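Side chains included, hydrogens not; waters and symmetry mates left out as well; all remaining heavy atoms used. Count residues from 1 along the sequence. The structure displayed is predicted, hence computed values, not measured ones.
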Amino acid sequence: MRFWWRQERTRVRDAVAESRLIDRRYRVIGVLMCVLLIALAWRFATLQIFDHALYAGRAESNRVSLRALPPTRGLIFDHRGQVLAENRPAYRLVIVPERVVDLESTLQAIADLVPVSDNERARFERQRQRSRRFQAIPLKGNLDPESVARLAANRHRLPGVEVEPYLIRHYPHGEWFAHVLGYVGRIDQSDLGELGTERYRATTHVGRTGLEQTYESLLHGEPGVEKVETNAQGRVVRVLDRQDPIDGQDLTVTLDLNLQRAAVEALGDQAGAIVVLDVETGAVRALVSQPGFDPNWFVNGISETNYQALLSNPKRPLFNRFLQGAYEPGSTIKPFLALAGLSEGAIDPFEEKFSRGFFELDGEGRRYRDWKREGHGWVDLEKALAESVNVYFYELAMDLGIDRMSRELALFGFGQPTGIDLSGEGDGLLPTRRWKRAQFNEAWFPGETVITGIGQGFVVATPLQLAHATALLAAGGEAPSPYLLNPNPTRQRVLHQPQDWEAVYQGMESVIHGPTGTARAVASQVPVRFAGKTGTAQVFGLPDEADAVDERSQENLPEHLRNHALFIGYVPADEPRWAVSVVVEHGGGGASVAAPIGAEVIAELATWMSQEEPSETLANAPGGEGP
């Protein structure tokens, strides 16, 4: 009995302990539940009140997305309002992968209807990997009408294949303006790193060379944006809002289509360059580099066949001659050295010097020949320029020395870029003693001074530099830098006495209109008086020819060894308005080849003088609107 009582007593004591334990547990659970409820309430408050804007935006972004809209590229006009670069309506073939049952079979069926290059196929595959299946992916652009018709006739056999319209950059005058306008090309990933993905997020092309590259920021415009509602798969359901893009600016440049055509036709199939500048304003009226290329080939990606054809062409059609070509100026340098001689007192315009056909340095056996073997006899400055007497300028070069010659030529812009608003301009080369020591670690030799006097040796210039120097000379030593859209406010100044300028002008006019001028044969081609200077740059020297390169026939030489032919001039002779430079690669003689070409261009300019010159307002206004 005691044992049972004790057991009951123990059980009573356990019930009390258990009750207390349960109470404590209830209290802990209650506290935990309160904490959890408070935490849950705080989280609800955070989501619904404090972070409402953040999560509402995220939710909205899952439903609404922004789609960039490309701007229309600005057009380019010449200063008369004639179109040089335009956006032409075209058609392209696109494929929507999710609507295609068998992509490989579809691609083969398309190839049976229209030609598809390996590059186009590879580009399609790259973009397909980055796109969603419901997005249209371009396969081929700029379809010709026959291709569009074949695809339309077979549309029922090609589900998921569409032909859609778009705008494509087009250059209506092809090769004529290829080097000055440049071209646009497709944007790649490396371009986006430089251009910025925000502004170019909807753009497919960017300016690669020429004006298209220089004024890309003006021509491109600003993209628009379209707010669209999408479903869970990212498919557009409807358009909610739209901000239209801002189209690129139309540019009216200083070039003249008619003059450019005349210059191209005058040069014909010969390789070379022609530059025409407005003497007073610096406006560039013509910039020709021949042979050219069709810039339309590059817009959608040039084919390997066409590109290899350009690269293998021995006349280098991709090379920009007026901007980067480096040519010995030959005798076209003589008017500038004559000014240097007059300014330094090394020559008197009326003093006569005797040309016996060659010049010799004291203590040196070599003879530096004139182009006229028997010599020119007694000549003053006017006759020396008119007949391009080498001996006269050999002596002048020695009297001046290389340092004074280089200093004077630098005043006319030789050896430095003109500052034209095109990228990639060459510097040319204006040698000095210091330059040769730094370049070759050699002293300057007297014989190098002699041949510099006739524009041979180390001195080289671009056709654009020659035209700019001619404009400076024609304007009496003050002229602005050449420009195509934005004028350069700075003006170069070369100070000389008025009588020095007049003496050189008279000599250059006698080159054309004098009885013994080297270019007297072209005087009848132009209805007004003009002035100029012929020149020939030696490419390959013959043993019996020495330095007599100016007017010697080279018909027996292969074309690639013939001299370069040069001409500079300005018109009218009394009140110059335009300056011209002509370089014909391996043309032979300056008087026989380059001067007639220059005369054709000047004849076109002469017709302008019978008409009212168009207002320069548009040409001088950055981003001026076209018609």
- Item | R261/W176 under side-chain contact (heavy atoms from CB on, under 4.5 Å): CA gap, chis, key distance, verdict | CA-CA 7 Å; R261 179 191 295 113; W176 293 357; 3.3 Å; yes

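- Scored by the side-chain hydrogen bond (donor to acceptor under 3.5 Å, both in side chains) test, H496 finds S343, E408 as partners (sequence neighbours excluded).
- When all heavy atoms of V284 and P482 are compared, the pair lying nearest together is CG2-CB, 3.9 Å.
- Judged by the 6.0 Å distance and 45° axis criteria, R208 is not positioned over the aromatic ring of Y183.
- Residues R577 and D278 are not paired through a salt bridge, judged by the lack of any N-O separation under 4.0 Å between the basic side chain and the carboxylate.
- Between the side chains of D370 and S355, at least one donor-acceptor pair of N or O atoms lies under 3.5 Å.
- Closest heavy-atom contact between S312 and A309: OG-O, 3.4 Å.
- Side-chain contact between N320 and F322 is present, with heavy atoms from C-beta onward closer than 4.5 Å.
- In this structure, the side chains of I602 and V522 stay at 4.5 Å or more apart for every pair of heavy atoms.
- In this structure F414 satisfies the ring pair (Phe, Tyr, Trp, His ring centres under 6.0 Å) test together with F336, sequence neighbours excluded.
- Taking each heavy atom of A579 and V279 in turn, the nearest pair found is N-CG2, 3.7 Å.
- In this structure, CG on L259 lies 10.0 Å from CG on L287, to the nearest 0.5 angstrom.
- Among the candidates Y392, F393, F354, W371, the single residue satisfying the ring-ring contact (aromatic ring centres under 6.0 Å, His included) test with H376 is W371.
- Ring orientation note: the planes of F458 and W435 are nearly perpendicular, at an angle over 60° on the 30°/60° scale.
- The closest side-chain donor-acceptor pair between Q465 and T418, if any, does not fall under 3.5 angstrom.
- In this structure a side-chain-to-backbone donor-acceptor pair under 3.5 Å is missing from K353 to I347.
- Within the 4.5 Å cutoff, no side-chain heavy atoms of V450 are placed close to those of E395.
- E448 has a carboxylate O that lies under 4.0 Å from a charged side-chain N of K436, or vice versa, which qualifies the two as a salt bridge.
- For residues 453-469, the set of pairs meeting the salt bridge (charged side-chain N to carboxylate O under 4.0 Å, His left out) definition, not counting sequence neighbours, is empty.
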side-chain contact (heavy atoms from CB on, under 4.5 Å) evaluation trace for N296 with H170: CA-CA 6 Å; N296 295 298; H170 182 250; 3.4 Å; yes

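- Contact record, P329 with L466: CB-CD2, 4.1 Å, taken as the closest heavy-atom pair.
- Checking side-chain atoms of R520 against main-chain N and O of G517 turns up a donor-acceptor pair under 3.5 Å.
- The closest side-chain heavy-atom distance from W444 to T449 is below 4.5 Å.
- Around atom CZ of R491, more than 12 heavy atoms belonging to other residues, nucleotides or ligands sit under 6.0 Å away.
- One finds the CZ atom of R80 at 13.5 Å from the OG1 atom of T252 (value rounded to the nearest 0.5 Å).
- Side-chain atoms of S388 never come within 3.5 Å of backbone atoms of L385 as a donor-acceptor pair (strictly under, hydrogens ignored).
- Inspection of the E212 and Y171 side chains reveals an N or O donor paired with an N or O acceptor under 3.5 Å.
- Taking CD1 of I402 as the reference point, atom CE of M405 lies at 4.0 Å (rounded to 0.5 Å).
- Put simply, OG on S331 and CG on N390 are 5.0 Å apart, with the number rounded to the nearest 0.5 Å.
- No more than 12 heavy-atom neighbours from other residues, nucleotides or ligands sit within 6.0 angstrom of CD on E280.
- Contact of the E352 side chain with the V379 side chain is not registered, since no non-hydrogen atoms from C-beta on lie closer than 4.5 Å.
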Please lay out, stage by stage, how L84 and V253 fare under the test side-chain contact (heavy atoms from CB on, under 4.5 Å). CA-CA 10 Å; L84 303 182; V253 297; 4.1 Å; yes

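- The backbone N or O of A273 lies less than 3.5 Å from no partner atom in the side chain of Q290, so there is not a single donor-acceptor pair.
- Nearest heavy-atom pair, A565 versus G589, reported as atom, atom and distance to 0.1 Å: CB-O, 3.4 Å.
- A donor-acceptor pair is defined here as one N or O able to donate and one able to accept, closer than 3.5 Å; no such pair exists between the side chain of D294 and the backbone of G174.
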Problem - Residues T518, T534; criterion side chain to side chain donor-acceptor pair (under 3.5 Å); working and verdict - result: CA-CA 7 Å; T518 57; T534 60; 2.9 Å; yes

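- Salt bridge E585/R562: absent, no basic N to carboxylate O contact under 4.0 Å.
- Judged by distance alone, the side chain of H513 and the main-chain N or O of A531 form no donor-acceptor pair under 3.5 Å.
- If you check the side chains of T516 and K383, you find no donor sitting under 3.5 Å from an acceptor.
- Side-chain atoms of H79 and D256 include a donor-acceptor pair closer than 3.5 Å.
- In this pair, Y368 and F359 present their aromatic rings tilted. The plane angle is within the 30 to 60° band.
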Item checked: H468/F412 under ring pair (Phe, Tyr, Trp, His ring centres under 6.0 Å): CA gap, chis, key distance, verdict -> CA-CA 8 Å; H468 178 48; F412 285 93; 9.3 Å; no

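- Counting only heavy atoms from C-beta outward, the side chains of K334 and K533 approach each other to under 4.5 Å.
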Trace of the side-chain contact (heavy atoms from CB on, under 4.5 Å) decision for T462 with L323 | CA-CA 6 Å; T462 67; L323 198 66; over 6 Å; no

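- When side chains are defined from C-beta on, V601 does not count as touching V582, because their heavy atoms never get closer than 4.5 Å.
- A donor-acceptor contact shorter than 3.5 Å links the side chain of D421 to the backbone of L484.
- Counting non-hydrogen atoms of other residues, nucleotides and ligands closer than 6.0 Å to CD of E575 gives a total of 12 or fewer.
- Nearest heavy-atom pair across L473 and Y505 is O-OH, 2.6 Å.
- Salt bridge annotation for R366-E360: absent, with no cationic side-chain nitrogen under 4.0 angstrom from a carboxylate oxygen.
- Rounding to the nearest 0.5 angstrom, the gap separating the CG atom in L361 from the CZ atom in R367 is 13.0 Å.
- Classification of D403 and R433 as a salt-bridged pair holds, one side-chain N sitting under 4.0 Å from a carboxylate O.
- With rounding to the nearest 0.5 Å, the separation of CE in M398 from OG1 in T452 is 10.5 Å.
- Taking the six-membered ring for Trp, F293 and H179 have ring centres closer than 6.0 Å.
- The side-chain heavy atoms of E328 and L566, taken from C-beta on, include no pair separated by under 4.5 Å.
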